[in-house]
Novice: 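Attaching a single structure in structure tokens format; questions to follow.
We count ligands from 1, going down the list as the structure has it; atoms in each ligand are counted the same way.
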Amino acid sequence: MTTLTWWQRGVIYQVYPRSFQDKNGDGVGDLAGITERLDHLAMLGVDALWISPIYPSPMADFGYDVADYCAIDPLFGSLAEFDALVARAHALGIRVLLDFVPNHSSDRHPWFVDSRASRDSPKRDWYLWRDPAPDGGPPNNWLSRFGGSAWEFDAATGQYYYHAFLREQPDLNWRHPDVRAAMDGVLRFWLERGVDGFRVDVLWLLIKDAQFRDNPPNPDAAAGEPDHHRLLQTHTEDQPEVQDIVRSMRATLDGFGERVLIGEIYLPVQRLVAYYGTHGEGANLPFNFQLINAHWSAVNLARIITEYEALLPPHAWPNWVLGNHDNPRVASRLGAAQARVAAMLLLTLRGTPTLYYGDEIGMHDVVVPADRVQDPAELRQPGIGQGRDPERTPMQWDASANGGFTTGTPWLPPGDTRQVNVASQTDDPASMLALYRRLLALRRATPALVGGAVGQVRAQGDVLTYERSLPGEDGDRPTRIRVALNLGALPATVPAHAGVLLLSTDATRPDAAANGDTLQLAADEGVVILCTDGAAGERR
Ligand code: GLC
């Protein structure tokens, strides 16, 4: 255990800053608000806070369009307020991670303004400019992830520039050494300010094909899907040269001691694991999003866990993500009862868990009326389920109309604050919040749940079981923890291993009630059991 670093032992909590806490009453969350609410994170028992972008931005993509990488948008506060946030978080033992958005800047960033000014600009090649095709159209068939061509024509200079997302988000040219040097300076700026690491936005997209070849058609494309699914992303994602960039980011972080490099990477797991590097010199945590998209069955989850563990290189530390600002919330994906089971899964698997704000109280996706839609992904491709506003709504602190989030008009409508809020769950032992707190406390207190091997991953009917085990010291017996999760709507019987019940998702189950041979799980119940039957378990 002592050999694990803080980000291996710890749990990460993502805050979407526009929606966490609004201190100045303008309807949008801010840094002072986050600082005020850090006690909630401490009470919950998480170890690190990742804040989605807070840099100056025209907010075309709500901060993922950065106009200055080394400052704070006045909407969120000031550098002094950021420093105060870091100081308070560190005083509480909570690390602070920033969102680093290197793939594209805002079109208002001075670099792009300069680049677009003329073909001779020294910054011209900091972005991806190409001549029109012979017919005057876009240089190739590449598509934007927000719909339509990924090329925007600039009449003044007669060329197109590439944007993987909005036209307001031109892609930087990561083959240019000056871009790399400038971005390295950005990382150092924040590291010197005390930031403990970064979540790197769309890390797998940084490098595009040097020859700008057309992407091939996607034979599996289906109607009603986002536009860019028409093509395979063969030449616009996961290019081999990206690994060198990942390595250099990691080297910069390593120069500052124990910091963490996390990559946002949506790739099949076979390709995802390459982002750890060939001998651990890549990202510390290439985000593993499999639980977000998984078909929720015991058989499938057993397969996912086993396959991921088997593919991890020996130097790699696993991680699991249950929700984020780009995907429907877990309580809406799975329902309230299974969201509790999912919490137990996330916090008892091997590897660093990442939680999304509000999931700890079971917040649901909020239906956003058409006239209040904010997300450009929805505005550009309406009605195909691309909108991300529903999972970005204000944190529900109390039962008031705005949930204690703001005294002004919230930028997105709050959810069912009367039903679901922190205040009412705080002293309710049956609440989702209580379950999360107990799971986090159990994890912290149980070395086998943090550093132990995972093995015996099995699906039996609707029940998923696995074991976490840690060898004993000085002739002591190994510690073996059994997790049994009932994903179904019927009761099920599982072996109890003469064990001690450490935790159930059902708060009414009496403690220490697992000392028989078997245990009857209720529908949608998960349990964590400390085995005392002494049989040695298989590893991994
Ligand atoms: C990432 C972010 C997403 C954003 C996109 C473009 O996927 O998580 O919110 O829209 O990058 O920056």
Novice: Got the closest protein heavy atom to atom 2 (C) of ligand 1, with its distance?
Specialist: D201 OD1, 3.1 Å

Novice: Is the closest side-chain donor-acceptor distance between K123 and N173 under 3.5 Å?
Specialist: no

Novice: Does the pair E307/R303 count as a salt bridge with the N-to-O cut at 4.0 Å?
Specialist: yes

Novice: Between Y55 and W190, does the ring centroid distance fall short of 6.0 Å?
Specialist: yes

Novice: May I ask you to identify, for R145, whether its side chain, its backbone, both or neither come under 4.0 Å of ligand 1 on a heavy-atom basis?
Specialist: neither

Novice: With a cut-off of 4.0 Å, which atoms of ligand 1 are near a heavy atom of V202?
Specialist: 1 (C), 7 (O), 11 (O)

Novice: Is the shortest side-chain N to carboxylate O distance from D47 to R9 below 4.0 Å?
Specialist: no

Novice: Under 4.0 Å, heavy-atom basis, I'd like to know which part of F146 is in contact with ligand 1: side chain, backbone, both or neither.
Specialist: side chain

Novice: So which heavy atom in the protein is nearest atom 9 (O) of ligand 1, and how far is it from that ligand atom?
Specialist: D326 OD1, 2.7 Å

Novice: Is there a donor in the side chain of Q8 and an acceptor in the side chain of W317, or the other way round, less than 3.5 Å apart?
Specialist: no

Novice: So is R199 touching ligand 1 or not, going by heavy atoms under 4.0 Å?
Specialist: yes

Novice: Just to confirm my output: which protein heavy-atom neighbour is closest to atom 7 (O) of ligand 1, and how far is it?
Specialist: E264 OE2, 2.8 Å

Novice: Which ligand 1 atoms does H104 reach within 4.0 Å, using its non-hydrogen atoms?
Specialist: 6 (C), 12 (O)

Novice: Taking atom types as modelled, is there a side-chain donor on T348 or R443 under 3.5 Å from an acceptor on the other?
Specialist: no

Novice: Take the angle between the ring planes of Y357 and F20 and call it parallel below 30°, perpendicular above 60°, tilted in between.
Specialist: perpendicular

Novice: With a cut-off of 4.0 Å, which atoms of ligand 1 are near a heavy atom of R388?
Specialist: 3 (C), 4 (C), 9 (O), 10 (O)

Novice: Heavy-atom contacts under 4.0 Å between R392 and ligand 1: side chain, backbone, both, or neither?
Specialist: side chain

Novice: What residue and heavy atom of the protein are closest to atom 4 (C) of ligand 1, and at what distance?
Specialist: D61 OD2, 3.3 Å

Novice: Closest approach of P413 and P369, non-hydrogen atoms and distance?
Specialist: CG-CD, 4.1 Å

